[in-house]
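Structure record follows, encoded as structure tokens.
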Number of protein chains: 2
Amino acid sequence: MDDILRALGHLALGSRLKRLGEQLQSDTQALLDALDPAVPSGQHPFLAALDRLGPLTVGDLAQALGVSQPGVTRTVARLVERGLAEAKPGPEDQRQKIVSLTAAGRQLVETAKGDLWPRIDAAVAELCRDLPGPLLAQLTAIEDRLASEPLHRRAARQRDGIQ
Amino acid sequence: MDDILRALGHLALGSRLKRLGEQLQSDTQALLDALDPAVPSGQHPFLAALDRLGPLTVGDLAQALGVSQPGVTRTVARLVERGLAEAKPGPEDQRQKIVSLTAAGRQLVETAKGDLWPRIDAAVAELCRDLPGPLLAQLTAIEDRLASEPLHRRAARQRDGIQ
DNA sequence: ACATGTTATATAACTTGTTATGTTATCGGA
DNA sequence: TCCGATAACATAACAAGTTATATAACATGT
């Protein structure tokens, strides 16, 4: 039952961060499914970027999110399919594609900002509170906390004001 | 030039951990390419698990690594293709597939354990030393440190004994 | 003005993770 | 003994990341 990534320490930190990130995304998804339409958790940063920064080119989105340009192109296509974003050619430079939220996209973001996003933020913040020791030990603590009480239960507990 | 994942704080922690993990894996890859044959950084935990725990079934590997069974099945197939691992049916239970290192695989692991893995471990440990403040700030520090000096240069600096 | 180089995005191919489901082997009870 | 349930692994389909390359628009120097 020993976890090799833990045992490998700093050597496997990359794999371990990726695994924990994916688990966190997956746990978060259970909460995000409450939205209509449901948006995969990895796409929420796209919505947040467009909400915070306004219409952006594909290249600007890639830089703001720290992912590659083809990654942005594909995810934007998904958001357009779902009717949450729209794209038009740049007025000055016709090579550019300027991505913005649709009315539905803005509404989804407003809904999320009002309730769901803050609740998730609070639950994850609680998850990360008072972590002990150096980074590897902190990661272990997060993994253990998630195993002992899943994120959606932490969020529910907080919403209901239960301590 | 602002980073949305940083700005989103705990809300996007999953995406941020995944992104940082992928970057770390990618940076590590530059060092791991020195091995012959080169093995993708995400497969090294498989090799380490087989080295530390001996022959394992697919299911045991999945548990030791914390990934899904189909993920293990596929990666094991890759290792077998490269001649680093081999699989035979379980002697008791013919449904099982028992995976072990080949001679080439053992040799690769021995080489890596002697030099490369410790150097990577040390470079990542240095990267994670004296991180300030709460988790989000620590992640920011790691990102900034990696941006200011890539991992392969940190490893080279350490090997050469330069301070 | 036009040839050439550069830039923005799209597309293709690949990797690695997932879930859902198919196959085959094992186990247990009638 | 054999039938049904369970368990281990394989396979298929999808998601999201990557790199390499194609396409089209822009910019520039002569």
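Chain letters run A, B, ... following the sequence lines, proteins first, then strands; residues in each count from 1.
Nucleic acid contact class of A:Arg19 (heavy atoms, under 4.0 Å, all strands): none. Contacts of A:Val67 with the nucleic acid, taken as non-hydrogen atoms under 4.0 Å apart, involve only primed sugar atoms and P, OP1 or OP2. Residue contacts shown for A:Gly42 are absent, as no nucleic acid heavy atom lies under 4.0 Å away.
Among C:dG17, C:dT26, C:dT18, the nucleotide with an atom closest to any side-chain atom of A:Glu22 is C:dG17. Closest contact between the side chain of B:Arg74 and the listed nucleotides D:dA13, C:dT11, C:dT19 involves D:dA13.
Taking the charged nitrogens against the carboxylate oxygens, B:Asp27 and B:Arg154 have no contact shorter than 4.0 Å, which rules out a salt bridge. Ionic pairing of A:Glu22 and A:Arg19 is not present here: no N-O contact between side-chain nitrogen and carboxylate oxygen is shorter than 4.0 angstrom. Salt bridge status for A:Asp2 with B:Arg52: absent, with no side-chain N to carboxylate O gap under 4.0 Å.
Here D:dT21 presents its C1' atom at 11 Å from CD of A:Gln69, a figure rounded to the nearest Å. The nearest whole Å value for the distance from the CG atom in B:Leu79 to the P atom in C:dT15 is 13 Å. Summarising the geometry, the separation between CG on B:Asp27 and C1' on D:dT18 is reported as 14 Å, rounded to the nearest angstrom. A:Glu92 has its CD atom 16 Å from the P atom of D:dA25, to the nearest Å. Rounded to a whole Å, the NZ atom of A:Lys18 is 11 Å from the P atom of D:dT18. Note: CD (A:Gln23) to P (C:dT16) measures 21 Å, nearest angstrom. Rounded to a whole Å, the CG atom of B:Leu17 is 18 Å from the P atom of D:dA16. A straight line from CD of B:Gln94 to P of C:dA25 spans 8 Å, rounded to a whole angstrom.
Side-chain nitrogen and oxygen atoms of A:Thr73 include none within less than 4.0 Å of the OP1 or OP2 phosphate oxygen of C:dT9. Applying the 4.0 Å criterion to OP1 and OP2 of C:dT16, one finds that B:Gln43 has a side-chain N or O inside that range. Residue B:Lys97 places at least one side-chain N or O under 4.0 Å from the OP1 or OP2 atom of D:dA10. For A:Thr75 and D:dG17, the shortest distance from a side-chain N or O to OP1 or OP2 is below 4.0 Å. Using a 4.0 Å cut-off, no side-chain N or O of B:Ser68 falls inside it from OP1 or OP2 of C:dG17.
In summary, the side chains of A:Thr140 and A:Arg16 do present a donor paired with an acceptor at a separation below 3.5 Å, with no hydrogens or angles considered.
Two residues, B:Pro70 and A:Ser41, neighbour DNA chain D, and the one matched to the more 5' nucleotide by heavy-atom proximity is B:Pro70. Nearer the 5' end of DNA chain C, as judged by each residue's closest nucleotide, is the contact made by A:Val58, out of A:Ser26 and A:Val58. Mapping A:Gly71 and A:Asp93 onto DNA chain D by nearest heavy atom places A:Gly71 at the nucleotide closer to the 5' end. Comparing B:Arg95 and A:Thr57 along DNA chain C, the residue whose closest nucleotide (by nearest heavy atom) sits nearer the 5' end is A:Thr57.
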- Task: Go through the steps for B:Arg82 and B:Thr102 under the test side-chain hydrogen bond (donor to acceptor under 3.5 Å, both in side chains), then give the verdict.
- Result: CA-CA 10 Å; B:Arg82 285 173 214 252; B:Thr102 61; over 6 Å; no
- Hey, mind stepping through B:Gln69 and B:Thr73 against side-chain hydrogen bond (donor to acceptor under 3.5 Å, both in side chains) and telling me if it holds? CA-CA 6 Å; B:Gln69 169 261 309; B:Thr73 294; 3.1 Å; yes
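Evaluation of atom-type donor-acceptor distances gives no pair under 3.5 Å for the side chain of A:Gln96 against the base of D:dA25.
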